[in-house]
Structure formats: structure tokens, C-alpha cells
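Notes for the one structure printed next.
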Amino acid sequence: MSDSTRVAFVSGAAQGIGLTIALRLADDGLDVAVNDIPSKKTELAELVSQIEAKGRRAIAVPGDVSVEEDVRNAIDKVVADLGGLDVMVANAGILVVTPVVDIDVEEWDRVFAVNVRGVMLQYKYAAKQMIKQGRGGRILGASSVGGKRGWGGLSAYCSSKFAVRGLTQSLSLELATHNITVNSYAPGIVATQMAQDLGAGLTRVGMSAEIPVGKPESVASIVSYLAKPEASFITGQAISPNGGSVFD
Ligand code: NAD
């Protein structure tokens, strides 16, 4: 990997875990491109200002990660404006709480479009760019504790997060000879809007009382490490900042 300033892309960065990861990578000395859906342009602009205040370059690349053209255009803009791409953090994700007997195909497909197709597209265009650059890279995607065990009511979400692990393992082998590592992070419950949306559902999905709720910073510090050049021997893994929610 080059000694010049590295460039990161973080999706779902308008709030929560993605926002915290973007700020952490800026603290680590990277320039950062931040993505979220177009309706969150104001939040992205505020985040760009916060990153610039840390002395790093930042751009907003709004778009829907489930749309191939949006992802391709976003990566092209990152390369054009910031000079390359070294760290991909495919963080954007959505959650629905619906039992299998009630779920409809549209809802199921939307979860898979964002959580699986979206991660695949971000992996694809990041990998193409990193291979072209020839200076290695770090690719990361959001799985979940729900990608390590199922919960009642979360079938679409858990299935999609298991899929992220399979995708991550496969791509890690495809990219191994390019010094590009591919890992997922699989947090337990973290205090964000998504956890609030789950709300009273926490009991229903069976998360027991002794498991602490994590902070976004606990996830960002894992991502920070996996994004570093020194993390070169960790690939294909799903790393679990989860407070003991599941044991690997
Ligand atoms: P959040 O809901 O607070 O934030 C997610 C962000 O992603 C939002 O800003 C949203 O607008 C954005 N987003 C949604 N769909 C998008 C799309 N199609 N294109 C671009 N952006 C999109 O969620 P969070 O808690 O910060 O979670 C971040 C990631 O971590 C998600 O993938 C989530 O599944 C995963 N995760 C979260 C928890 C948790 O307890 N919070 C636990 C395990 C895994």
C-alpha cells in the first residue's frame, strides 16, 4: 500500500455507525468520501465539514447503494476528486422486523437489495479500482450478530447478514494475491437509530439482559484496525464487537 494519504469510502455515513467510522478514519489520517441516500445530503455536508476541520479532504457522494449506476458513479467521483481508493467500508444497511408468515416479497427483496446487492456492488467497484491501482487495499462490509445466528422476526435481516459473510469470504479468496483483504464486522446491538427502531423488539428478538448495548465507537475502532496496512493477515473474517452476544 502506498505511503501517500490513503482514501476511504464509507456508505450509510449520515448517522450512527457509518458516521462514527468516517470520523475515526479521518482521525487515522485518511481522506474520506461519505455516502448516504440523496435525502440525507444536509447530514453528509455537515459530516464533510467535520472531516475537513480535522485537516483531511472529504467529499459527499450521495446515492442508493442498491443501484449499480449510483455505486459506479460514486466510486468514479472518489477516484477523480481524491485520487484513488484504498479502503471501502460498505456500511449502509436496513432492518425490518416482520415474522416469516407475514413478510411479503417486496419487503424481503428490499432488504436484500440494500444489504446484499448493495454490499456486492460496493465490493465489486472497490475491488476493480484497487486491482487497477495495484497498491493493495482494505474492503469491509457490515454483517451483524444477526449474521451469526437467527432471531425470530428478523428473518430477512439475518439472512441478508449471513449472505454478507459468504460474499466476504468468497471475495477475500478472489483478491488474496492482490494484497487486498476483505472482512466483515458483525456488531451486537449498538446504540443508533437502527437499534431504536428495533426498540421494544429487543425482548422479542431474544437479546438477553446481561448483554451490553455497544457504542458506535466500539465498532469504528475495529474497522479502523482492519483498515490499516498492518492488518494484512486478516481476511475473509467476520469480526464481532458484540459484548458476548454470540461466541464464534
Ligand atoms: P442506521 O439505521 O442508524 O444508519 C444506517 C444509514 O444507512 C442511514 O443513514 C441510512 O440512510 C443509510 N442507508 C440506508 N439505505 C441506504 C441505501 N440504499 N444507500 C445508502 N445509504 C443507505 O444504522 P446503524 O445502526 O448505524 O447500522 C450501520 C450498519 O451496521 C448497518 O448495515 C447495520 O445493519 C449494521 N449493524 C447495526 C447494528 C446496530 O445495533 N445498530 C448491529 C449490527 C449491525
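Note that ligands are numbered from 1 as they come in the structure, with each ligand's atoms numbered from 1 the same way.
Contact record, Asn91 with Ile17: OD1-CG2, 3.6 Å, taken as the closest heavy-atom pair. Of all the heavy atoms in Asp81 and Lys77, the pair that sits closest is OD2-NZ, 2.7 Å. Counting all heavy atoms, side chain and backbone alike, Ser160 lies closest to Phe112 at N-CZ, 3.6 Å. Listed here is the closest heavy atom pair of Trp108 and Ser159: CH2-OG, 3.5 Å.
Residue Ser66 places no N or O, backbone or side chain, under 3.5 Å from any N or O of ligand 1. For the pair Val65 and ligand 1, the shortest N or O to N or O distance falls below 3.5 Å. Any N or O atom pair closer than 3.5 Å counts here, and Ile17 shares at least one such pair with ligand 1.
Between Ala113, Gly93, Gly18, it is Gly93 that holds the heavy atom closest to atom 5 (C) of ligand 1. Among Gly188, Ala195, Ser144, Ser240, the residue whose heavy atom lies nearest to atom 38 (C) of ligand 1 is Gly188. Between the choices Val190, Val164, Asn91, the shortest heavy-atom distance to atom 29 (C) of ligand 1 belongs to Asn91. Counting heavy atoms only, Ile94 comes closest to atom 15 (N) of ligand 1 of the residues Ile94, Val67, Asp36, Thr192.
Numbered from 1 in the order shown, with element, the atoms of ligand 1 that lie under 4.0 Å from a heavy atom of Gln193 read 3 (O). Listed by number with element, the atoms of ligand 1 under 4.0 angstrom from any heavy atom of Val114 are 15 (N), 18 (N). Within the listing of ligand 1, atoms 8 (C), 9 (O), 10 (C), 11 (O) sit less than 4.0 angstrom from a heavy atom of Lys40. Counting atoms of ligand 1 from 1 in the listed order, those under 4.0 Å from a heavy atom of Ile189 are 40 (O). For ligand 1, the atoms sitting less than 4.0 Å from at least one non-hydrogen atom of Gly16 are 26 (O), numbered in the order shown with element in parentheses. Shown in contact with Gly63 at under 4.0 Å from a heavy atom are these atoms of ligand 1, numbered in order with element: 19 (N), 20 (C).
Between Asp70 and Arg117 there is no salt bridge, since none of the side-chain N atoms of the basic residue sits less than 4.0 Å from a carboxylate O of the acidic one. Under a 4.0 Å N-O distance rule, the pair Asp76/Arg72 does not qualify as a salt bridge.
Considering only non-hydrogen protein atoms, atom 18 (N) of ligand 1 sits nearest to Asp64 OD1, 2.8 Å. In this structure, atom 23 (O) of ligand 1 lies nearest to the protein heavy atom Met194 CB, 3.5 Å. The protein heavy-atom contact nearest to atom 7 (O) of ligand 1 is Gly12 CA, 3.4 Å. In this structure, atom 1 (P) of ligand 1 lies nearest to the protein heavy atom Gln15 NE2, 3.4 Å. Given atom 36 (N) of ligand 1, the protein heavy atom at minimum distance is Tyr157 OH, 3.5 Å. In terms of protein heavy atoms, atom 16 (C) of ligand 1 is closest to Ile37 CG2, 3.6 Å.
When non-hydrogen atoms are compared, ligand 1 lies under 4.0 Å from the backbone of Ala92 as well as from its side chain. Only the side chain of Asn35 comes within contact range of ligand 1, with a heavy atom under 4.0 Å; no backbone atom does. Contacts between Lys161 and ligand 1, counted as non-hydrogen atom pairs separated by less than 4.0 Å, involve the side chain only.
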Check: residues 55-62 side-chain donor-acceptor pairs under 3.5 Å, at least two apart:
{"unit_1": "Arg56", "atom_1": "NE", "unit_2": "Gly29", "atom_2": "O", "d": "3.4"}
{"unit_1": "Arg56", "atom_1": "NE", "unit_2": "Asp31", "atom_2": "OD1", "d": "3.3"}
{"unit_1": "Arg57", "atom_1": "NE", "unit_2": "Asp31", "atom_2": "OD2", "d": "3.0"}
{"unit_1": "Arg57", "atom_1": "NH2", "unit_2": "Asp31", "atom_2": "OD2", "d": "3.2"}
{"unit_1": "Arg57", "atom_1": "NH2", "unit_2": "Leu82", "atom_2": "O", "d": "3.0"}

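The NZ atom of Lys215 sits 11.5 Å away from atom OG1 of Thr20, with the distance rounded to the nearest 0.5 Å. For the atom pair CG (Asp64) and CG (Asp36), the distance works out to 10.0 Å, reported to the nearest 0.5 Å. For the atom pair CG of Asn179 and CE of Met130, the computed distance is 11.0 Å after rounding to the nearest 0.5 Å. In this structure, the separation between OG on Ser232 and CZ on Arg138 is 6.0 Å, given to the nearest 0.5 Å. Between the OG atom in Ser66 and the CG atom in Leu121 there is a gap of 8.0 Å [rounded to 0.5 Å].
Not a single heavy atom of Ala13 sits less than 4.0 Å from an atom of ligand 1. Taking 4.0 Å as the cut-off, Tyr185 does not count as a neighbour of ligand 1 on heavy-atom distance. Look at Ser143 and you'll find a heavy atom under 4.0 Å from some atom of ligand 1.
Other residues, nucleotides and ligands place no more than 12 heavy atoms under 6.0 Å from the CD atom of Glu69.
Inter-residue side-chain proximity for Val65 and Asn35 is flagged as met; some heavy-atom pair is nearer than 4.5 Å.
Tyr123 and Phe162 end up in different hydrophobic clusters when Ile, Leu, Val, Met, Phe, Trp and Tyr side chains are linked at under 4.5 Å.
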